[in-house]
Undergrad: 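So that we are looking at the same thing, I have put the structure below in structure tokens.
Bear in mind that the values here come from a model prediction, so they are computed numbers and not experimental data. For this chain, numbers begin at 1 and follow the sequence in order.
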Amino acid sequence: MSEASTQDPATRTTARPAEPGREWDSLRERVVAALEEDPVNEAVLVQHLDRSDPRAATPAQRVLAALTGLCPGPEEARRVLTEALDVQARWSARRGRPVALRLALMDLLLRENRRRPDPFRAELRLGRAPSSSGLADPAQGPTTASALVGSVQAELRRARRFRQEAALLRLHLDAWDDLVWQAGSAAAERALGAAALLVKNEIRDVDWAARTVDHDLVVFLSGTGRFGALLVANRIASKLAQLPLPGVAEGERTRASIGIAAFPADARFGWELLAAAQQAMFRARSEGGDGISDQGQPPARRLLRVHPESVRIVVRILPGRDTPPVDPQRREGLVFASPVPYDVGTGVELDCIEVAGSGRALLRGRIVRLEERLGGDFDVGVDCQVDPTDAALLRGRAARATG
């Protein structure tokens, strides 16, 4: 037996396995080559490849987490990534053009889920990245804050030049947080994309819609005043109510909070109009959501002041189920002095007793104003329906009218 043949078994038995670092270097080259078809995300993913923090996960785990949202063990992550690269190479050779690594991962993970007794949920982000220089399609991705402000400012300059009105809507899906937690961010993104397509179908060609980084939709209405914007907002809200959402019980309609701001009444500049619409949207959300709020100041309430020397008022707090709803069209009520600082929004029943006569009125309403007086008492304003006969009593004229 020759010397070479005697050394072969020893060479095979004493050969060292490939070092983990060198093994990853070869895998890293294949990953970087596969990411050349995705230049937008290549720089971000390469940072995951080169991160050397010993407390963090392995590079294969970090790349897989960035691509799919999953983070299996080190060996499984390397295996999945290697198999996905093999699938990507076969598909590219078969089609004669580069195939995205995410598509190969999607096919691989679907086959993995068929074999696993406990399927996992992956979030494969296949959407196109937004442009940093202009407005992006709201159904695809968010628009940067600077691009949004610049676009609104350009529209306001045009409206100012031609002496036209303009309006801005800001829409927030009330179920967004629940969608993310219950159905995942990928399903929530698809739902928001469907809502964006619905909004685009409800506006004119001269209008436009965009999506913010806060997962809201912004709609600019050119040449439209406050009343026209309110009509558009109501039309969008009624259409959204028919949009099914994943994870939401069947039959429950989609709810949205919409804020309205108008130019030039509410703002003069683009960032001011965006802030005004956002504040109006926050107001709609603070009132329970599923509503439309106008940034414009509401008309002043005509509260009738009741003097204690003419009418004595006995206040009874109503339970929540008996509290009458506030009529947004009603701007009347009464205000009286009280030593008790009742909370705004509390439902009350007012027993109004005439001091100099026998008149009496029983009113129900909700407290809408509370102001401290110099003497230590408080002015309490109540939103309620005041009839002409009740108004005569509250002014102290009932006794004179009947006498």
Side-chain angles (χ1 to χ4, degrees), residues 40 127-174 176 189 192-240 243 256-285 291-299:
V40 175
R128 183 177 300 176
S131 172
S132 59
S133 59
L135 293 175
D137 187 346
Q140 296 294 330
T143 301
T144 61
S146 59
L148 189 59
V149 173
S151 298
V152 175
Q153 186 62 34
E155 294 285 356
L156 295 189
R157 283 198 299 267
R158 186 179 300 110
R160 189 179 296 110
R161 185 184 309 120
F162 295 103
R163 298 182 180 180
Q164 293 180 343
E165 293 181 307
L168 193 75
L169 308 180
R170 181 151 182 156
L171 182 148
H172 176 82
L173 292 180
D174 294 335
W176 171 260
E189 290 284 344
L192 187 59
L197 288 176
L198 185 148
V199 170
K200 290 174 63 178
N201 290 334
E202 293 299 321
I203 59 179
R204 304 166 299 175
D205 293 338
V206 295
D207 306 326
W208 51 261
R211 175 181 161 189
T212 70
V213 294
D214 299 325
H215 313 294
D216 296 338
L217 297 178
V218 171
V219 182
F220 187 87
L221 304 174
S222 178
T224 303
R226 192 185 305 277
F227 181 71
L230 183 60
L231 295 178
V232 175
N234 278 286
R235 188 169 67 245
I236 290 175
S238 63
K239 293 290 185 179
L240 282 176
L243 180 69
S257 299
I258 304 178
I260 300 176
F263 169 84
D266 299 332
R268 296 179 300 165
F269 305 103
W271 64 270
E272 285 183 331
L273 192 65
L274 285 166
Q278 186 177 31
Q279 289 300 319
M281 184 265 295
F282 285 154
R283 183 188 301 170
R285 294 181 62 185
I292 301 172
S293 178
D294 187 0
Q295 178 61 17
Q297 294 296 328

Undergrad: For Arg226 and Ala265, which heavy atoms make the closest approach, and how far apart are they?
TA: NH2-CB, 3.4 Å
Undergrad: Got a second to check how far Phe220's CZ is from Leu148's CG, nearest 0.5 Å?
TA: 11.0 Å
Undergrad: State the CG-CD1 distance between Leu240 and Ile258, to the nearest 0.5 angstrom.
TA: 6.5 Å
Undergrad: Working to the nearest 0.5 Å, report the span between NE2 of His172 and CG of Leu217.
TA: 10.5 Å
Undergrad: To the nearest 0.5 Å, what is the distance between CG on Asp216 and CG on Leu274?
TA: 11.5 Å
Undergrad: Distance from Gln279 atom CD to Ser293 atom OG, nearest 0.5 Å?
TA: 10.0 Å
Undergrad: Just grab all the salt bridge (Lys or Arg N to Asp or Glu O under 4.0 Å) pairs involving residues 271-282, residues at least two apart or on different chains.
TA: none
Undergrad: Search all heavy atoms of Thr143 against all heavy atoms of Ala136 and return the closest pair with its distance.
TA: OG1-N, 3.1 Å
Undergrad: Which pair of non-hydrogen atoms, one from Gly225 and one from Glu165, has the smallest distance, and what is that distance?
TA: CA-OE1, 3.4 Å
Undergrad: Using only atom types and a distance under 3.5 Å, with no angle test, would you say the side chain of Arg283 pairs donor to acceptor with the backbone of Asp294?
TA: yes
Undergrad: Out of the candidates Ile236, Val199, Val218, only one should pair with Leu169 under the side chain to side chain contact (heavy atoms under 4.5 Å, CB included) rule; please name it.
TA: Ile236
Undergrad: Hey, does the side chain of Arg160 reach the backbone of Arg268 with a donor-acceptor pair shorter than 3.5 angstrom?
TA: yes
Undergrad: Quick one: closest heavy-atom pair of Gly291 and Ala284, and the distance?
TA: O-CB, 3.9 Å
Undergrad: Could you walk me through whether Ile292 and Ile260 satisfy the side-chain contact (heavy atoms from CB on, under 4.5 Å) test, starting with their C-alpha distance in whole Å, then the side-chain angles of each, then the deciding distance to 0.1 Å, before giving a yes or no?
TA: CA-CA 7 Å; Ile292 301 172; Ile260 300 176; 3.5 Å; yes
Undergrad: Considering non-hydrogen atoms only, spot the tightest contact between Asp174 and Ala256 and give its length.
TA: OD2-N, 3.5 Å
Undergrad: Please collect all side chain to side chain donor-acceptor pair (under 3.5 Å) contacts where either partner lies in residues 192-209, sequence neighbours excluded, each pair once.
TA: Asp137-Lys200, Glu155-Trp208, Glu202-Arg235, Arg204-Asp207, Arg204-Thr224
Undergrad: Between atom CG of Leu156 and atom OG of Ser222, what is the distance when rounded to the nearest 0.5 Å?
TA: 9.5 Å
Undergrad: Taking all heavy atoms of Gln153 and all of Gly270, pick out the closest pair and write down the distance.
TA: OE1-N, 2.5 Å
